[in-house]
Amino acid sequence: MRSTAAYGITIFGASFWGLTGLFVQSLYNFGFSPLEVVTIRMTLSTILMFGIIGMIRPYLLNIHLRDIPYFIGLGVISIALFNWCYFTVMEQSSLSVAVVLLYTSPVFVAIISRFVFQESLTVNKVAAIILTLAGCSLVAGFFPLGAMNLTVSVLLFGLASGFFCALYSIIGKFVSKKYHSVTITAYSMLCGGLFLLPISGIEKNLKPFAEPMVWVYSLGSVVISTILAYVLYTAGLKYIESSHAAILATIEPIVGIMIGVWVFHDQLTNWQVVGIIFVFSSILLSVFSRKKKFQLLKRNRKPKYTG
């Protein structure tokens, strides 16, 4: 796969995450809690993916037992715990604070990748991270509209959401070259779903499932903003650095903001527009850095001796 295509599918995957609000907000209106919504998404994703893969390409379900800890890490630690921390910040503070603290994840990825994968901290990468943090802060209205008083609990849960989100790019890297992205996503959802089902209490709130629209919103959330999002993002991890993928994933809050403007008629401030420009600039800077690296590798590659 060409580098341009890898960046493209990664951005598309992250963009589909940004569509989550279209479906999840509607499910909240039926009386589901955030933890129950996450459980619905992961459980239905597991059922659909294993059913479809089992009928069409059953060989994709073959995995090595030694890799199960990676799938547990992706499903439980990264996806399930990330969502729990993320929604806890929303409950205790606000969505704006939750978004800002969540998108510290590229910083965690860049730092961890430096030691785990020996990925270099280039000037372009550092600049992209700074633009990402500044852009997300502006888009969420965290700055410069005024300081927000954060409790220690909110700060810790917020940073934890960014950390657990970052771990998807890190843990996923260990299996992204061994398995198809569909396989990785299916087993990650299975592990996360098995973890959440006993603790979510969803069995006590089954009445809303009698409403047809609950299934429409649930399937939309599962197919678009869960399965397609994770499959595309995981596929991109095969060809690009974890830190670059994390930076590209910051397209998610931008998509969420645009959905709010176009669908729910939210009003953007001038500072939010500046923030969107910052985030898009960080993405372009990340892609440019990667292309430049590819070109240097090609120039430095010595031709084989044929004489």
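Just so we're clear, the structure is a prediction, and the values are computed from it rather than from any experiment.
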Correct closest heavy-atom pair for Phe12 and Leu232 would be CB-CD1, 4.1 Å
What are the two closest non-hydrogen atoms of Ala229 and Gly13, and how far apart are they? CB-O, 3.3 Å
Any donor-acceptor pair under 3.5 Å from Ser161 side chain to Tyr86 backbone: no
Mind jotting down which residue pairs meet the ring-ring contact (aromatic ring centres under 6.0 Å, His included) criterion with at least one end in residues 36-58? Sequence neighbours excluded, please. Phe50-Tyr187
Quick one, Tyr179 and Leu60 - any side-chain contact, counting heavy atoms below 4.5 Å? no
Ser33 and Tyr28: side-chain donor and acceptor closer than 3.5 Å? no
Are the side chains of Met42 and Cys191 in contact, using a 4.5 Å heavy-atom criterion? no
Pair up each side-chain donor or acceptor in residues 68-75 with any protein partner under 3.5 Å, not counting sequence neighbours, and list the distances.
none

Give the ring-plane orientation class for Trp17 versus Tyr230, where under 30° counts as parallel, over 60° as perpendicular and anything between as tilted. perpendicular
Apply side chain to side chain contact (heavy atoms under 4.5 Å, CB included) to Arg114 and list each qualifying residue two or more places apart in sequence or on a separate chain. Leu121
Rounded distance [0.5 Å steps], CZ in Phe115 versus CD1 in Ile170: 12.0 Å
Neighbour count >12 (heavy atoms, 6.0 Å) for atom CZ, Phe30: yes
Report yes or no: do Ile52 and Ile227 belong to one cluster of Ile/Leu/Val/Met/Phe/Trp/Tyr joined by side chain heavy-atom distances under 4.5 Å? no
Atom of Gly220, atom of Phe23 and distance for their closest heavy-atom approach: O-CE1, 3.5 Å
If you round to the nearest 0.5 Å, how far is CG of Leu44 from CE of Met49? 13.0 Å
In chain order, what residues pass the side chain to side chain contact (heavy atoms under 4.5 Å, CB included) check against Ile47, with sequence neighbours excluded? Thr43
Contact summary for Met189 and Ser45, nearest pair of heavy atoms: CG-CB, 3.9 Å
Results of side chain to side chain contact (heavy atoms under 4.5 Å, CB included) for Leu194 - residues two or more places apart only: Leu190
Least distance between heavy atoms, Ile184 atom then Ser176 atom: CD1-CA, 3.6 Å
Listing, residues 77-84 side-chain donor-acceptor contacts under 3.5 Å, not counting sequence neighbours, or none:
| from | atom 1 | to | atom 2 | distance (Å) |
| --- | --- | --- | --- | --- |
| Ser78 | OG | Phe164 | O | 3.1 |
| Ser78 | OG | Tyr168 | N | 3.2 |
| Asn83 | ND2 | Ile79 | O | 2.6 |

Can you measure from CZ (Phe16) to OG1 (Thr226) and round to the nearest 0.5 angstrom? 12.0 Å
Which is it for Leu61 and Thr183 under the side chain to side chain contact (heavy atoms under 4.5 Å, CB included) test, yes or no, and what are the steps along the way? CA-CA 6 Å; Leu61 295 178; Thr183 305; 5.8 Å; no
Sequence neighbours excluded, which residues qualify as side chain to side chain contact (heavy atoms under 4.5 Å, CB included) partners of Tyr59? Arg57, Asn62
Where at least one partner belongs to residues 177-199, residue pairs that pass salt bridge (Lys or Arg N to Asp or Glu O under 4.0 Å), sequence neighbours excluded: Asp67-Lys178
The side-chain hydrogen bond (donor to acceptor under 3.5 Å, both in side chains) partners of Ser218 (sequence neighbours excluded) come to none
Do the non-hydrogen side-chain atoms of Ile53 and Pro58 ever get within less than 4.5 Å of each other? no
Minimum heavy-atom separation for Ile202 to Glu36, with atom names? CD1-CB, 3.7 Å
Is the backbone N or O of Arg66 less than 3.5 Å from a side-chain atom of His64, with the two atoms forming a donor-acceptor pair by type? no
Shared hydrophobic cluster, Val214 / Leu206 (ILVMFWY, side-chain heavy atoms < 4.5 Å): yes
Do Phe209 and Ile40 have side chains that get closer than 4.5 Å, going by heavy atoms? yes
Can you list the residues that meet the ring-ring contact (aromatic ring centres under 6.0 Å, His included) rule with Tyr217, with sequence neighbours excluded? none
Could I get the full list of ring-ring contact (aromatic ring centres under 6.0 Å, His included) partners for Phe195, not counting sequence neighbours? none
Look only at the side chain of Arg41 and the backbone of Leu219, and say whether a donor-acceptor pair between them is shorter than 3.5 Å. no
Heavy-atom side-chain contact between Leu35 and Leu196 under 4.5 Å: yes
Assess whether side chain to side chain contact (heavy atoms under 4.5 Å, CB included) is satisfied between Phe163 and Ile112, documenting all intermediate values. CA-CA 10 Å; Phe163 177 73; Ile112 298 173; 3.9 Å; yes
Do Val116 and Ile171 share a hydrophobic cluster (ILVMFWY, side-chain heavy atoms under 4.5 Å, transitive)? yes
Would Glu203 and Leu197 count as a side chain to side chain contact (heavy atoms under 4.5 Å, CB included) here? Give the steps. CA-CA 8 Å; Glu203 74 279 357; Leu197 274 174; over 6 Å; no
